[in-house]
Amino acid sequence: MSALRLPAFLNGARPGALAAPLLIVLMLGMMILPLPPILLDLLFSFNIALSIIILMTSLYTVKPLDFMAFPAVLLISTMLRLSLNVASTRVVLTEGHTGAGAAGQVIEAFGHFLIGGNYAVGIVVFVILTIINFTVVTKGAGRIAEVGARFALDAMPGKQMAIDADLNAGLIGEADARARRTEVAREAEFYGAMDGASKYVRGDAIAGIIVTVVNIVGGFVVGMLQHDMSADAALKNYTLLAIGDGLVAQIPSLVISIAAGVVVSRVANEQDVGGQLVGQLFARPQVLAITAAIIGGFGLIPGMPHLPFLILAALLVYGAKWARQRLDDSQAEPDALPPAAPTLAPEEASWQDIVPVDALGLEVGFRLIPLVDAAQGGELLKRIKGVRRKFAQEIGFLAPPVHIRDNLELKPGGYRITLKGVEIGAGEAHTAQFMAIDPGMVGGPLEGTRTTDPAFGLPAFWIDEAQRAHAQALGYTVVDASTVVATHLNHLVTRHACELLGRGEVQQLLEHLERDMPKLTDDLVPKQMTLSALQKVLQNLLAEGVHIRDMRSIVETLCEHAPQVKDSAELTEIVRTALGRAIVQQLFPAPAELSVLALDAQLERVLMTALQAGGSALEPGLADTLTEESTRAVRRAEQSGLTPVLLVPAPLRPLLSRFLRRGLPQLSVLSHAEVPETRNVRITALIGAR
């Protein structure tokens, strides 16, 4: 026979995880199914025990967050009492004519033992308990919870800033800061939940009154009309049962209301409520002695009950002596200890106080924290790893790690990217939305928040997930918030690659190349050129967008020319010529002809004359003309879908590249020497032609 198998969702489930579902099913069963009196006795006893457990737990909690489940416990205990009221009402109305024990021994005991079988006394006692619970305990606890929730939310930004200040000062680590932020958020959520949960208890008190009145009236009618009981007998019998039922439910309700008041009204310290009461209420011997004298004076007044007052005064005198003894002992303890060491002066500043600046940093607002938190399913960390891997494969060296942190000074959905502590880019993202980017050929507008793609400046919209398919159908490029931030980061890291290439990265490049060709690297550094000179050449290449993946060709070229040429700019041009095929392939991946811009022959002669005259800068009028003409030509090339590339003679290339790079970073400047003989060239526009 095959073994009995549990459903998949129950496999491996902890017993505690099944408690709440079973309790909910039990409460629904009590409302729907008739219960025998013996089962009602057991459930009423369990309800009383549960209320005492909740009260004891609240008394022994040190901080409100130690009992975070309390709002849910309030809901469950309230529903349990109401379910018991429904079940007992059914039994009272159907079997109440048989006698006071019809609904079980617990209700009978509360109806006879606690109120002496007098239903008038029972009504008064029940009303008093309900008034105490409804107007005093529950109302006060609800008000404290409401104010506590408001204060917790108002203080939340200040607490977050204090945590960031401690983190920036080095007083706590990232793990401690994260734990403290979580505690602050949970505290606000707890008080907010308590504000709502206190309404359960208040509604329970009102429901208790209504249910008891309904039981009395309904029982009176049922007893007289259905069971032919006299009015007096029906009123007495059903009233005792209804009052007993009400007291059985109202006393646990009062206990739990007191527990709620204890949880929300206490001030958190390192002691539970009992320790605070004993340590603060009975700690001063003067207070106890004066109280003993006053109470003893009452006991000596003629006509007063002497014995109770004098006994209480004697107990207070004993308590005053005990408190005085404890106070004397606590003051004598420091004298018995060795003298304390002198207070140390603040430590001098040291080199450990200097925190190195992160090469790459990403700061996010608090609403973007889920994007970088793997525990919350954040995808941004994975995307950033992919950005670094892609950068290493395309550019040719490994970018430094990205240090991620939250920054409360930013907008909730804002972020900024820093390079060596300086902001190089910023933007805003929405975790629950998607960015629909207009690539230039879309079928219509979208309903959403208009924005701009932070990486490339294209018009875009922030849209909801429901519009994603519609936006894609219209031709928009739709990406999530993690992709928006990662793409922006990738764009900026690629643009600032030359600043990320430090001496450490150059040394690692050489060591990586040395594994395959140790002799080649030894011949170059330090024999032919220094490490800093090699770094400068590589930075020059990266500044113009040239990848340095082919380190073998770069090192071989430098080994050949470095002994004769010492200027890094000239060495860069020589290396560019050697990398010409790779540079052209990078700009024009397709094997078709090269569509390029060129200089007008007259403008080219003017520039060559100025260069031969020894000028390293252009005349202002000529510079303005060149800038305007180049801008128009680049704009026309981009509108035609062409890569803007300017082809010039080799001597002019460094000058024009350096001049045009600042205003037109998308324009690449090639020399004739860098174009392979196998590629055909087609000039699409002349700059400077009239």
Participant: Quick check: does any side chain N or O of R576 sit under 3.5 Å from a backbone N or O of E674, one acting as donor and the other as acceptor?
Facilitator: no

Participant: Do Q539 side-chain atoms and A497 backbone N/O form a donor-acceptor pair below 3.5 Å?
Facilitator: no

Participant: How about I687 and L646: do any of their side-chain heavy atoms sit closer than 4.5 Å?
Facilitator: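 Yes - at least one pair of side-chain heavy atoms lies under 4.5 Å apart.
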
Participant: Using atom types as modelled and distance alone, determine if a side-chain donor or acceptor of H488 lies under 3.5 Å from a backbone N or O of A455.
Facilitator: no

Participant: Before giving the answer on side chain to side chain contact (heavy atoms under 4.5 Å, CB included), spell out for R679 and E593 the whole-Å C-alpha distance, their side-chain angles and the decisive distance to 0.1 Å.
Facilitator: CA-CA 6 Å; R679 303 294 292 267; E593 61 184 4; over 6 Å; no

Participant: Nearest 0.5 angstrom please: D453 CG to T477 OG1, how far?
Facilitator: 9.5 Å

Participant: Of all the heavy-atom pairs spanning L474 and P445, show the shortest one and how long it is.
Facilitator: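 For L474 and P445, the tightest heavy-atom pair comes out as CD1-O, 4.0 Å.
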
Participant: Show, in sequence, the C-alpha distance, side-chain angles and deciding distance for E379 and K382, and conclude whether the salt bridge (charged side-chain N to carboxylate O under 4.0 Å, His left out) test is met.
Facilitator: CA-CA 5 Å; E379 292 288 330; K382 188 185 301 182; 3.6 Å; yes

Participant: Should L513 and L509 be marked as a side chain to side chain contact (heavy atoms under 4.5 Å, CB included) after you check the CA-CA gap, both sets of side-chain angles, and the distance that decides it?
Facilitator: CA-CA 6 Å; L513 183 63; L509 279 173; over 6 Å; no

Participant: Kindly say whether A466 contributes a backbone atom to a donor-acceptor pair with the side chain of D464 at under 3.5 angstrom?
Facilitator: no

Participant: Kindly check if the number of other-residue, nucleotide or ligand heavy atoms within 6.0 Å of CZ (R581) is above 12?
Facilitator: no

Participant: Got a sec, which residues hit salt bridge (Lys or Arg N to Asp or Glu O under 4.0 Å) with R503, two or more places apart in sequence or on another chain?
Facilitator: none

Participant: Verify, without hydrogens or angle tests, whether T483 (side chain) and V479 (backbone) share a donor-acceptor contact under 3.5 angstrom.
Facilitator: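 Looks like no, no N/O pair under 3.5 Å.
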
Participant: Identify whether the distance between the nearest side-chain nitrogen and carboxylate oxygen of R653 and E544 falls below 4.0 Å.
Facilitator: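 The answer is yes: the pair qualifies as a salt bridge.
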
Participant: List for me each residue that meets salt bridge (Lys or Arg N to Asp or Glu O under 4.0 Å) alongside K390, sequence neighbours excluded, and say none if there are none.
Facilitator: none

Participant: Just checking E465: does its CD atom have more than 12 heavy atoms from other residues, nucleotides or ligands closer to it than 6.0 angstrom?
Facilitator: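 No, CD of E465 has 12 or fewer neighbouring heavy atoms, counting only those of other groups under 6.0 Å.
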
Participant: List the atom of A399, the atom of V493, and the distance in Å for their closest heavy-atom pair.
Facilitator: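 Closest pair (atom of A399, atom of V493, distance): CB-CG1, 4.4 Å.
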
Participant: To the nearest 0.5 Å, what is the distance between OG1 on T452 and CZ on F461?
Facilitator: 10.0 Å

Participant: Measuring from L660:CG to L626:CG, what's the distance to the nearest 0.5 Å?
Facilitator: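 Rounded to the nearest 0.5 Å, the CG-CG separation comes to 5.0 Å.
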
Participant: Does the Y476 side chain pair with the main chain of G444, one donor and one acceptor, at a distance under 3.5 Å?
Facilitator: yes

Participant: Could you please spell out the steps behind the side chain to side chain contact (heavy atoms under 4.5 Å, CB included) verdict for R388 and L398?
Facilitator: CA-CA 7 Å; R388 294 186 67 216; L398 184 63; 3.6 Å; yes

Participant: Which heavy atom in L667 sits nearest to a heavy atom in P644, and how many Å separate them?
Facilitator: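 For L667 versus P644, the nearest heavy atoms are CD1-O, 3.5 Å.
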
Participant: To the nearest 0.5 Å, tell me how far L500 CG sits from T494 OG1.
Facilitator: 9.5 Å

Participant: Would you indicate whether the side-chain heavy atoms of L594 and R682 approach each other to under 4.5 Å?
Facilitator: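 No. Closest side-chain heavy atoms not under 4.5 Å.
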
Participant: Looking at L656, L686, I683, L647, which hits side-chain contact (heavy atoms from CB on, under 4.5 Å) with L599?
Facilitator: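 That would be L656; it is the only one of L656, L686, I683, L647 passing the side-chain contact (heavy atoms from CB on, under 4.5 Å) with L599.
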
Participant: Which salt bridge (Lys or Arg N to Asp or Glu O under 4.0 Å) pairs, counting each pair once, include a residue from residues 468-491, with sequence neighbours left out?
Facilitator: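 For residues 468-491, and leaving out neighbouring residues, the salt bridge (Lys or Arg N to Asp or Glu O under 4.0 Å) pairs sorted by first residue read R383-D480.
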
Participant: With a 4.5 Å limit on heavy-atom distance, are the side chains of S630 and F659 in contact?
Facilitator: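 Contact flag for S630/F659 side chains = no.
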
Participant: Look up atom CD in Q467 and atom CD in Q472, then write down how far apart they are to the nearest 0.5 Å.
Facilitator: 12.0 Å

Participant: Answer yes or no: does atom CD of Q666 have more than 12 heavy-atom neighbours from other residues, nucleotides or ligands under 6.0 Å?
Facilitator: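 Atom CD in Q666 is packed in, count exceeds 12.
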
Participant: Look up atom CZ in F588 and atom CD1 in I583, then write down how far apart they are to the nearest 0.5 Å.
Facilitator: 12.0 Å

Participant: Show the nearest heavy-atom pair for residues C498 and A543, with the distance to one decimal.
Facilitator: CB-N, 3.8 Å

Participant: Tell me, do F366 and D406 make a side-chain contact under 4.5 Å, heavy atoms counted?
Facilitator: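 A side-chain contact is absent here, since even the closest heavy-atom pair is not under 4.5 Å.
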
Participant: Walk me through whether T451 and M435 qualify under side chain to side chain contact (heavy atoms under 4.5 Å, CB included).
Facilitator: CA-CA 9 Å; T451 184; M435 177 178 282; 4.0 Å; yes

Participant: Which heavy atom of S668 sits nearest a heavy atom of L587, and at what distance?
Facilitator: OG-CD2, 3.5 Å

Participant: Under a 3.5 Å threshold, yes or no: a donor from one side chain and an acceptor from the other, between E363 and N407?
Facilitator: yes

Participant: Got more than 12 heavy atoms from elsewhere within 6.0 Å of CZ, R661?
Facilitator: yes

Participant: Would you say that L501 contacts L542 through its side chain, given a criterion of any heavy-atom pair below 4.5 Å between the two side chains?
Facilitator: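 Side-chain contact under 4.5 Å: yes.
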
Participant: Which heavy atom of V584 sits nearest to which heavy atom of L670, and what is that distance?
Facilitator: CG2-CD1, 4.2 Å

Participant: Examine distances only and state if a side-chain atom of H403 and a backbone atom of G361 form a donor-acceptor pair shorter than 3.5 Å.
Facilitator: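 It does not hold such a pair.
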
Participant: Measuring only between side-chain heavy atoms, which start at C-beta, is L368 closer than 4.5 Å to L371?
Facilitator: yes

Participant: Taking the side chain as every heavy atom from C-beta outward, state whether L642 and V596 have any atom pair closer than 4.5 Å.
Facilitator: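 No, their side chains stay 4.5 Å or more apart.
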
Participant: Side-chain contact test, heavy atoms from C-beta onward, threshold under 4.5 Å: evaluate it for I463 versus T449 and give yes or no.
Facilitator: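 Not in contact.
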
